[in-house]
Each structure stands twice: as C-alpha cells, then as structure tokens.
> 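My questions all concern the structure below.
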Amino acid sequence: IYSPAMNENQINISAIALFPKEVDDKIQNLRLEISKLFGVKDALNWPPHTTIRPGFLVPKTELDTFLKDFKEHTKNVNPFAVNLNGFKFFDNAPLSNTIKSMYVATIDVEKNKEIISANEELKKFEPYSLPQAREFSPHVTLAYNDVTQKQFQEIKEFLKDKIFQE
C-alpha cells in the first residue's frame, strides 16, 4: 500500500495483511456506519487491513527493484490467521504532514507469533526499512485523521457496548 512520502522522488510503502471477503465486508460495514453517524471519512480511503510493517521509503527510480527484492525477501512469510477482538482507541497518534488528527478508533488485532514474526522479518529488509516510531500494535483502523476530540468520544461511546470478534 502506498502513501505520500517526504518528497516527490520517493514512495512510502507499507506491508499490509488483507482479510477474507466476509470479514472485510463486516469491517467495511462498521466503518461506513461510523462514517455516516459521525461524519468521518478518511479511513474509507484504504481497504480494511492491518499494517504488518509501515515505512519502506523507496526512491521512485528503484520501485521495480524494491518490488522484486520484496517478493524474494517475503517468500518464506506464509499466510497466517489473526483474531480480531474488541476495540482499541489511541488519543496520541503521531501527527505528520499527512496525519492531521491524533484520535484513532480501531479494531484490536491480537498479537500472535505469526504476525510478530512477519513484522520482525520485514524489519530486516534493508536498505528500505525505516525505524518504527512506536511499538508494533496491530489493528484495523475504523476512524482516523479527520476525527475531532468530540467525534472521538462519540465513537468510543458508540462502540462501548458492541462486540467485534472474528
């Protein structure tokens, strides 16, 4: 998955895990409901996913080489299952040139040895891998970036009695 980089000569790439269609649909329906109720929409710009490793900064001129090397480097990372269980909220997300709000509502992804191993393996993908800004905390984003403090509190209240398990 691509996101804006620090300059026009680079691409910021993250390694993500997607979900089976039934789970994807359930997540997307919840995201759409939150968007409609609270007027937040930025999370809808990306497919439902969990980020395994953010921050591969790749010069545009090296993209083809990066993709070939990435495929080779990850050939031993096998598909794995994750458990989605409940909700997590962050009120201290780091701000940047692309992230404008510190408030984030997510579905919690339980850490297991496979997802931790995949994250650790991708840390070794030199020279592209950037240091992670915070501890690896797998999640599925429901709302971020365009969330005010008031909306954040309303979303937390909305989700407090809901159950999400997959």
> Who pairs with K68 by salt bridge (charged side-chain N to carboxylate O under 4.0 Å, His left out), at least two apart in sequence or on another chain?
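If we apply the salt bridge (charged side-chain N to carboxylate O under 4.0 Å, His left out) test to K68, skipping adjacent residues, there are no hits.
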> Of all residues at least two apart in sequence or in a different chain, which pass the side-chain hydrogen bond (donor to acceptor under 3.5 Å, both in side chains) check with S117?
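With neighbours one apart ignored, the set is empty.
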> Which residues, ordered by chain and number, are linked to L44 in its hydrophobic cluster, where ILVMFWY side chains connect at heavy-atom gaps below 4.5 Å, directly or through other members?
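Direct or chained contacts put L44 with L32.
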> Name the orientation class of the two ring planes belonging to F38 and F158 (parallel below 30°, tilted from 30 to 60°, perpendicular beyond 60°).
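Because their plane-to-plane angle is over 60°, the rings of F38 and F158 count as perpendicular.
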> Would you kindly check if the NZ (Lys) or CZ (Arg) of K162 is within the cone defined by 45 degrees around the ring axis of F87 and under 6.0 Å from the six-membered ring centre?
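Judged by the rule, K162 and F87 form no cation-pi pair.
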> Side-chain heavy atoms nearer than 4.5 Å, only ILVMFWY residues, links allowed to pass through others: does that put L37 and F164 together?
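Cluster IDs for L37 and F164 match.
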> If the condition is side-chain hydrogen bond (donor to acceptor under 3.5 Å, both in side chains), which residues does E62 pass it with, not counting sequence neighbours?
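E62 satisfies side-chain hydrogen bond (donor to acceptor under 3.5 Å, both in side chains) with Y128 once adjacent residues are dropped.
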> Scan for ring pair (Phe, Tyr, Trp, His ring centres under 6.0 Å) pairs involving residues 12-33, sequence neighbours excluded, and state none if there are none.
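Residue pairs with at least one partner in residues 12-33: there are none.
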> Can you tell me how far the CD1 atom of I27 sits from the CG atom of L84, to the nearest 0.5 Å?
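Atom-to-atom, I27:CD1 and L84:CG are 5.5 Å apart.
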> For I52 versus N119, what's the shortest heavy-atom pair and its separation?
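Nearest pair, atom of I52 first, then N119: O-ND2, 2.7 Å.
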> Test: salt bridge (Lys or Arg N to Asp or Glu O under 4.0 Å). Region: residues 32-42. Which pairs qualify, not counting sequence neighbours?
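For residues 32-42, and leaving out neighbouring residues, there are no salt bridge (Lys or Arg N to Asp or Glu O under 4.0 Å) pairs at all.
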> How far apart are the closest heavy atoms of A15 and F70, and which atoms are they?
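Nearest heavy atoms, A15 then F70: CB-CZ, 4.0 Å.
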> Please report the closest heavy-atom contact between E166 and K26, naming both atoms and the distance.
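That closest heavy-atom pairing would be OE2-NZ, 2.7 Å.
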> Who pairs with E120 by side-chain hydrogen bond (donor to acceptor under 3.5 Å, both in side chains), at least two apart in sequence or on another chain?
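With sequence neighbours excluded, E120 shows a side-chain hydrogen bond (donor to acceptor under 3.5 Å, both in side chains) to K123, given in chain and number order.
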> Tell me, please, which residues at least two apart from P20 pass side chain to side chain contact (heavy atoms under 4.5 Å, CB included).
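Expected list: E22, V23.
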> Can V82 and N112 be said to form a side-chain contact (heavy atoms from CB on, under 4.5 Å), step by step?
CA-CA 7 Å; V82 295; N112 61 29; 4.3 Å; yes
> To the closest 0.5 Å, what do you measure between CD1 (I107) and CZ (R31)?
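I107 CD1 to R31 CZ: 8.5 Å, rounded to 0.5 Å.
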> Rounded at 0.5 Å granularity, tell me how far CG in D64 sits from CG in D69.
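Going from the CG atom of D64 to the CG atom of D69 covers 11.0 Å.
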> Is it the case that more than 12 heavy atoms not belonging to Q149 sit under 6.0 Å from its CD atom?
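Check fails, neighbour count at 12 or below.
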> For residues 76-89, which residue pairs pass the salt bridge (Lys or Arg N to Asp or Glu O under 4.0 Å) check, not counting sequence neighbours?
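Only K88-D108 qualify under salt bridge (Lys or Arg N to Asp or Glu O under 4.0 Å).
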> Among residues at least two apart in sequence or on other chains, which ones pass side chain to side chain contact (heavy atoms under 4.5 Å, CB included) with K75?
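If we apply the side chain to side chain contact (heavy atoms under 4.5 Å, CB included) test to K75, skipping adjacent residues, the hits are E72.
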> Can you list everything that forms a ring-ring contact (aromatic ring centres under 6.0 Å, His included) with F80? Sequence neighbours excluded, please.
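Here no residue qualifies.
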> Members other than I163 in its cluster, when Ile, Leu, Val, Met, Phe, Trp, Tyr link by side-chain heavy atoms under 4.5 Å?
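Members alongside I163: none; it stands by itself.
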